[in-house]
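Let me begin by presenting the structure, written as structure tokens, before commenting on it.
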Amino acid sequence: MQATVSHQFVYGQSYRRQDQLPPPDDFPRYTEFSSITKVSVEKAKSVRVSNPVFMVNTFRSKLAVRTGVQLAMFLANENIEQVFNDPFQKLLDPNLGVYGITLNPNEEFPNIIRPEVVQSQEPFIICYDVIPEFADFPTNSVNNRLEAKTSKIVLDNSQKRQLVSIHQIQSATFSTNSDIVVENTDGFEFLYLVPYIDLLQRTEITVSGRVNFMLEYER
């Protein structure tokens with residue numbers, strides 16, 4: 001099977017200090033959103049990703065960031081999405097361009113992320129909206145950011161996945177000559193694409209764009 005994959009990606013993070021006006025209930029709070037897209041590889045034994053081209057539309061940060069936005073490609077089954085079953089409220093944009101779904105704390109994550117080869121609509125987006133940075137402010141011993149973060153679908157060690165590649169997103173269109181072949185020994189069904197930053201940057205960051213690449217796999 002051979003196909004040219006074209007997916008949108010978006011990522012954003014913002015932060016409000018406790019002394020910022022209007023005051024956010026006297027707590028420092030953050031918001032983070034990220035697209036999650038996937039394409040089926042039909043549990044193929046071998047998967048090849050070739051020559052990705054990253055077309056960046058928006059790249060903005062108010063302050064210098066400690067780590068940049070990265071785009072992860074990894075193999076997994078759709079049960080990995082259950083990593084977002086957590087005690088925080090989340091907003092979901094089901095490919096509509098608006099947050100049309102509110103997911104209550106500990107509510108099961110819905111199976112609504114569609115696998116697509118060419119994505120013509122808005123991407124699926126998950127958002128942790130106005131989350132207190134600390135659960136026990138001002139003691140600050142319980143950091144909500146360790147749990148309420150979009151990057152855990154990429155980095156949570158309790159979830160089974162197979163990393164294909166990670167690309168640092170730059171502020172302009174760029175491409176690589178990479179030709180990555182991975183053996184899908186666990187029979188994962190999907191190739192996921194997720195932009196992320198693991199750290200809370202305490203500033204405003206917005207990144208959006210589209211990635212195109214050749215996907216080949218053998219069943």
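Both backbone and side-chain heavy atoms feed into the values below; hydrogens, waters and symmetry mates do not.
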Begin with the C-alpha distance, continue with both residues' side-chain angles, and end with the deciding distance and a verdict on side chain to side chain contact (heavy atoms under 4.5 Å, CB included) for Met55 and Asn212. CA-CA 8 Å; Met55 296 165 285; Asn212 295 341; 3.1 Å; yes
Of the non-hydrogen atoms in [X] and [Y], which two are nearest, and what is the gap between them?
{"X": "Pro195", "Y": "Val69", "answer": "CB-CG1, 4.2 Å"}
{"X": "Ser40", "Y": "Pro115", "answer": "N-CB, 4.1 Å"}
{"X": "Tyr196", "Y": "Leu155", "answer": "CE1-CD1, 4.0 Å"}
{"X": "Gln13", "Y": "Glu32", "answer": "NE2-OE2, 3.7 Å"}
{"X": "Phe33", "Y": "Cys127", "answer": "CB-CB, 3.8 Å"}
{"X": "Ile80", "Y": "Phe74", "answer": "CD1-CE1, 3.9 Å"}

Close side-chain approach of [X] and [Y], heavy atoms under 4.5 Å:
{"X": "Val5", "Y": "Leu191", "result": "no"}
{"X": "Val41", "Y": "Phe188", "result": "no"}
{"X": "Gln89", "Y": "Asp129", "result": "no"}
{"X": "Ser35", "Y": "Gln8", "result": "no"}
{"X": "Lys149", "Y": "Asp198", "result": "yes"}
{"X": "Phe109", "Y": "Ile126", "result": "yes"}
{"X": "Thr150", "Y": "Ile36", "result": "no"}
{"X": "Leu92", "Y": "Pro110", "result": "yes"}

Looking at [atom1] of [X] and [atom2] of [Y], how far apart are the two atoms once the value is rounded to the nearest 0.5 Å?
{"X": "Lys43", "Y": "Glu189", "atom1": "NZ", "atom2": "CD", "value": "5.5 Å"}
{"X": "Arg16", "Y": "Glu204", "atom1": "CZ", "atom2": "CD", "value": "9.5 Å"}
{"X": "Tyr128", "Y": "Leu103", "atom1": "OH", "atom2": "CG", "value": "9.0 Å"}
{"X": "Met1", "Y": "Glu218", "atom1": "CE", "atom2": "CD", "value": "13.0 Å"}
{"X": "Ile197", "Y": "Thr67", "atom1": "CD1", "atom2": "OG1", "value": "5.0 Å"}
{"X": "Leu200", "Y": "Asn143", "atom1": "CG", "atom2": "CG", "value": "7.5 Å"}

If we check side-chain hydrogen bond (donor to acceptor under 3.5 Å, both in side chains) with Asp186, which of these qualifies: Lys160, Arg161, Gln162? Lys160
Can you name the one residue among Glu133, Gln201, Lys62 that meets side-chain hydrogen bond (donor to acceptor under 3.5 Å, both in side chains) with Tyr15? Glu133
Evaluate whether atom [atom1] of [X] has more than 12 neighbouring non-hydrogen atoms of other residues, nucleotides or ligands under 6.0 angstrom away.
{"X": "Glu107", "atom1": "CD", "result": "yes"}
{"X": "Asn106", "atom1": "CG", "result": "yes"}
{"X": "Asn104", "atom1": "CG", "result": "yes"}

Treating [X] as the side-chain partner and [Y] as the backbone partner, does any N or O pair qualify as donor plus acceptor under 3.5 Å?
{"X": "Asn184", "Y": "Ala44", "value": "yes"}
{"X": "Thr206", "Y": "Arg60", "value": "no"}
{"X": "Thr31", "Y": "Val130", "value": "yes"}
{"X": "Asp93", "Y": "Ile125", "value": "no"}
{"X": "Arg17", "Y": "Arg202", "value": "yes"}
{"X": "Asp156", "Y": "Ser158", "value": "yes"}
{"X": "Asn95", "Y": "Gln121", "value": "no"}

Assigning hydrophobic clusters by single linkage (Ile, Leu, Val, Met, Phe, Trp, Tyr; side-chain heavy-atom cutoff under 4.5 Å), is [X] placed with [Y]?
{"X": "Ile166", "Y": "Leu193", "result": "no"}
{"X": "Ile180", "Y": "Val194", "result": "no"}
{"X": "Tyr11", "Y": "Val211", "result": "yes"}
{"X": "Ile131", "Y": "Val83", "result": "yes"}
{"X": "Tyr99", "Y": "Val10", "result": "yes"}

Assess whether a salt bridge exists between Glu147 and Lys152, defined as any Lys/Arg side-chain N lying under 4.0 Å from an Asp/Glu carboxylate O. yes
Step by step, work out the side chain to side chain contact (heavy atoms under 4.5 Å, CB included) result for Val181 and Ser46. CA-CA 7 Å; Val181 179; Ser46 179; 3.7 Å; yes
Arg145 NZ/CZ over Tyr30 ring centroid, <6.0 Å and within 45° of normal: yes
Take Gln82 and Asn79 through the side chain to side chain donor-acceptor pair (under 3.5 Å) test and state the conclusion after the steps. CA-CA 6 Å; Gln82 301 306 311; Asn79 59 2; over 6 Å; no
Tell me yes or no: between the side chains of Tyr192 and Glu81, is some donor less than 3.5 Å from an acceptor? yes
Quick one: sort the Phe54 and Phe9 rings into parallel, tilted or perpendicular, breaks at 30° and 60°. perpendicular
